[in-house]
Amino acid sequence: MSSFPFYSQTVRERLLDILSHHEQSTQNNDHRHVAAGSTILGKRYQDDSSSDDEDGNNLNSIEEDDDSSASSSDGEEESPGEHVLEENEAQTITSVGKDHNANKTNRVKKPKGSKRSDKEQLFQKMHGKAPSISLSLPTASPHDDVTKNAPSKQQKALQIPTILLPPNYIRDNPNWDAASAAKTLLTTWDHLNSPSANIIIVLLQSGRFVAAVYTLKATTHSKVPQLTMIAHKTSTRYTIRKGQGGSQSNYDSAKHKAKSVGAQLRREGEKQLREDVVATWKLWRESNYIQHAMGVYVSCPKGMKREYLFGDGNDTAALVRKGDERLRSIPLDVGRPILEGATVALECLLSCGIVNVDSSRVSTVVDGGDDDNKGPAVEEKKSKESDTPEESEERDDDPPLTPLHEAVIEGDLSKLMELLTILEEVEENTNVDDVATAEENAESPSYDVNTQGGPDHQTPLHFASASNHQNAPSLLNALLINGHANPSVIDSRGRPPYFVASSDKARDAFRLARGTLGEKYCRWDDEAKVGPALTDEDVQAKKAKALEKKRKQRARQKEKKALEKAQAEEEAAKQRQEEEKKKQMEDAKRVRDGLKPKSSTASNVCDFCQKAAKGKRRSQMFQRLDYVYCSTDCVKKHQRELMAAAAAARMGC
């Protein structure tokens with residue numbers, strides 16, 4: 001399948017063909033288009049029929065991803081220090097209009113052992129994985145040379161990523177058709193090809209920050225505008241805790257504030273990363289990059305958006321405001337944030353193509369109407385009658401929750417097991433050719449373990465994975481092992497159940513199920529996104545290791561406390577000895593000076609008569625030598641005693 005960028009003239013011509021054909025077919029009431037909701041996540045229609053799924057590449061009705069990012073959060077370790085690259089001159093990006101698959105045959109083979117470039121590896125990883133919609137093309141399109149040779153049972157369609165549509169377009173327009181989508185996409189095309197328009201890509205994860213601004217410019221080698229990077233910023237800071245993962249700020253807010261050198265370095269790294277991000281937004285705002293951006297595509301953990309993208313309520317330090325329609329999450333696994341990854345991600349998000357769609361996926365419009373008003377109702381070709389208004393209202397609402405969903409929400413494991421047993425019996429009875437059994441099956445449940453429900457079209461496995469109930473791991477185990485639920489089913493935001501797991505125990509339940517069900521059960525890595533398989537022995541070993549680690553930690557803390565106590569006692573004893581020695585020296589000096597040992601510890605006591613001077617401080621008393629006196633009489637008496645003692649010493653008395 002050949003691919004070409006969205007901003008190319010080819011896309012504009014195809015969209016105009018769709019609109020022109022729609023105007024002609026509306027008069028004849030014979031408009032055809034791909035069925036509403038025919039979106040593709042992570043897969044494209046193939047020219048051949050070879051596929052692991054027999055039902056048309058397992059197409060699901062999903063909405064575009066506008067709230068979540070598919071980037072992995074593996075909590076990898078950063079090296080201490082920093083690595084910052086400032087903005088450089090504009091760079092022209094290789095257009096994605098070339099056929100990536102066709103270039104494979106013309107590519108020079110590299111010697112064995114050589115590694116492919118990072119950009120090529122990222123392109124092969126992300127190409128074709130963006131959620132897309134397919135708009136059926138006229139069978140006699142003047143721009144389509146291959147339509148004549150296409151099989152009769154297939155319909156040519158233009159495939160465009162859903163990120164180029166307005167936010168929640170498919171969710172808000174369940175009866176969307178090719179004409180209305182084409183009109184919206186033409187507006188986006190015109191905006192992107194305007195002279196001042198640009199697109200901002202932001203990758204932020206694990207202390208790594210990458211941001212770039214792209215626009216269309218004509219180069220010296222080609223008059224056709226090419227996607228060009230006009231500004232970028234990269235920064236790497238030490239913010240992730242080694243081994244355990246997670247940022248230092250999250251650890252400080254959840255537990256006590258650590259005082260180690262590593263913790264201080266990570267806090268400083270987070271502070272510097274925020275400064276780098278805010279400085280970039282301020283510079284780009286001064287250059288009008290943010291004001292002229294038609295799209296801001298972000299791959300960032302949800303917890304970091306408020307502080308790094310929204311400025312924590314400060315508009316001067318924010319990239320965009322919360323709720324800005326230009327802000328869209330990148331529905332791709334971009335991996336570690338690097339500049340090449342930002343470029344490849346944008347190429348894949350703007351990559352369009354012509355695909356073959358099975359004719360069974362094509363629907364006919366009944367009661368053709370004006371697109372500017374209410375959209376026409378869509379029905380399958382096999383339907384005999386159009387939907388009633390009541391049925392249309394029900395179809396517009398979110399799918400209802402099944403009893404399986406309700407059992408998971410309540411955390412009722414016994415009820416869930418009963419429902420799974422009923423579904424298993426119904427499935428077994430469907431293979432029996434008995435009339436009585438067939439009559440019983442007519443009253444069987446209208447749902448299965450993979451039925452989606454709720455506003456996000458999630459399966460019971462999604463609900464159990466995101467649940468904070470104490471029975472959540474047991475519920476997951478029952479759905480996967482007993483109910484044989486499919487962990488690859490995605491919700492309306494393109495997330496598999498493992499992606500929404502709320503705890504380590506829930507993730508371990510998926511990994512245990514993977515070890516029990518085997519690798520052939522589903523595509524655990526590519527579609528389900530589940531971590532390596534675990535066994536009961538691995539879990540027990542992990543628990544034993546954690547207990548041993550905790551035991552050693554407690555032993556070290558006990559030894560540390562005992563050592564600190566011994567040191568404190570030693571310091572106290574040493575201090576008492578010094579105080580006693582100092583007191584003895586002071587008493588000896590007083591005896592030599594003809595004074596009695598000090599009997600009171602008060603500061604305003606006369607050193608001669610040992611009486612307290614009431615109403616006076618030590619600084620207000622009479623002073624002579626190193627002593628203080630309450631009156632002049634005490635001063636003179638002590639002076640006469642010292643003179644007498646000195647005279648006696650001279651005479652040898």
Task: Pair W281-F209, ring pair (Phe, Tyr, Trp, His ring centres under 6.0 Å): steps then yes or no - done: CA-CA 12 Å; W281 304 154; F209 167 64; 5.7 Å; yes
Open item on the list: If you apply the rule side chain to side chain contact (heavy atoms under 4.5 Å, CB included), what do you find for V355 with S134, and how did you get there?
Closed with: CA-CA 8 Å; V355 296; S134 295; 4.2 Å; yes
Open item on the list: Does L349 form a side chain to side chain contact (heavy atoms under 4.5 Å, CB included) with L164? I'd like the steps, not just the answer.
Closed with: CA-CA 8 Å; L349 292 176; L164 298 170; over 6 Å; no
TODO: Go through V298 and S329 one step at a time and tell me if the side chain to side chain contact (heavy atoms under 4.5 Å, CB included) criterion holds.
DONE: CA-CA 5 Å; V298 176; S329 294; 5.5 Å; no
TODO: Applying side chain to side chain contact (heavy atoms under 4.5 Å, CB included), run through Q226 and K217 and close with a yes or a no.
DONE: CA-CA 5 Å; Q226 299 292 330; K217 282 187 176 182; over 6 Å; no
TODO: Would you check, one step at a time, whether the test side chain to side chain donor-acceptor pair (under 3.5 Å) holds for D190 with T187?
DONE: CA-CA 5 Å; D190 294 337; T187 304; 5.7 Å; no
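A salt bridge is absent between R237 and E268: the closest approach of a Lys/Arg side-chain nitrogen to an acidic carboxylate oxygen does not fall below 4.0 angstrom. Ion pairing between D456 and R493 holds under the 4.0 Å rule for side-chain N and carboxylate O. Here R507 pairs with D504 in a salt bridge; the nearest charged N to carboxylate O distance falls below 4.0 Å. Under a 4.0 Å N-O distance rule, the pair D17/R12 does not qualify as a salt bridge.
The two residues P496 and I490 make their nearest non-hydrogen contact at N-CG2, 4.0 Å. Between T459 and P497, the closest heavy-atom pair is OG1-CG, 4.4 Å. Across every non-hydrogen atom of G341 and M126, the tightest pair is O-CE, 4.0 Å. Closest approach of P225 to Y7, counting heavy atoms only: O-CE1, 3.8 Å. What you find for I230 and Y289 is that their closest heavy atoms are CD1-CE2, 3.6 Å. Residues S465 and F510 approach most closely at OG-CE1, 3.6 Å, considering heavy atoms.
No side-chain heavy atom of Q452 sits under 4.5 Å from any side-chain heavy atom of Q458. The closest side-chain heavy-atom distance from P167 to R328 is below 4.5 Å. Contact of the L186 side chain with the L19 side chain is registered, since non-hydrogen atoms from C-beta on lie closer than 4.5 Å. Residues Q9 and W189 have side chains in contact (heavy-atom distance under 4.5 Å, counting atoms from C-beta outward). F6 is listed as a side-chain neighbour of T188, based on a closest heavy-atom distance under 4.5 Å. In this structure, the side chains of V11 and L185 stay at 4.5 Å or more apart for every pair of heavy atoms. The closest side-chain heavy-atom distance from I330 to I201 is below 4.5 Å. Put simply, the side chain of H232 does not reach to within 4.5 Å of the side chain of V213, judged on heavy atoms.
Considering CD of E270 and OG1 of T239, their distance stands at 5.5 Å, rounded to 0.5 Å. Going from atom OH of Y214 over to atom CD1 of I199 covers 10.0 Å, rounded to the nearest 0.5 Å. Note that the OG1 atom of T236 and the CZ atom of R336 stand 9.0 Å from one another [nearest 0.5 Å]. The CD atom of Q205 lies 6.5 Å from the OG atom of S299; values are rounded to the nearest 0.5 Å. Here Q291 contributes atom CD and E286 contributes atom CD; the two are 10.0 Å apart, rounded to the nearest 0.5 Å. The CG atom of L346 sits 5.0 Å away from atom CG of L227, with the distance rounded to the nearest 0.5 Å.
No donor-acceptor pair under 3.5 Å is formed between the side chain of H462 and the backbone N or O of Y498. With hydrogens and angles ignored, the 3.5 Å screen pairs a side-chain donor or acceptor of T162 with a backbone N or O of P131. Checking side-chain atoms of D491 against main-chain N and O of G494 turns up a donor-acceptor pair under 3.5 Å. Panel note: side chain W524, backbone R514; no donor-acceptor pair is recorded below 3.5 Å. Checked by atom type and distance alone, the side chain of R511 pairs as donor or acceptor with a backbone atom of P532 at under 3.5 Å. Of the possible polar contacts, none joining the T215 side chain to the N198 backbone as a donor-acceptor pair under 3.5 Å is found. With Q159 contributing its side chain and I133 its backbone, the two residues share no donor-acceptor pair below 3.5 Å. Under the 3.5 Å distance criterion, the side-chain polar atoms of R326 are matched with a main-chain donor or acceptor of A293. No donor-acceptor distance shorter than 3.5 angstrom exists from the side chain of S3 to the backbone of G353, with no hydrogens or angles considered. A donor-acceptor contact shorter than 3.5 Å is absent between the side chain of R14 and the backbone of I354.
Crowding of E325 atom CD: a count of heavy atoms from other residues, nucleotides or ligands under 6.0 Å not exceeding 12.
For the pairing with P337, the side-chain contact (heavy atoms from CB on, under 4.5 Å) check across V210, V202, L204 returns one residue only, V210.
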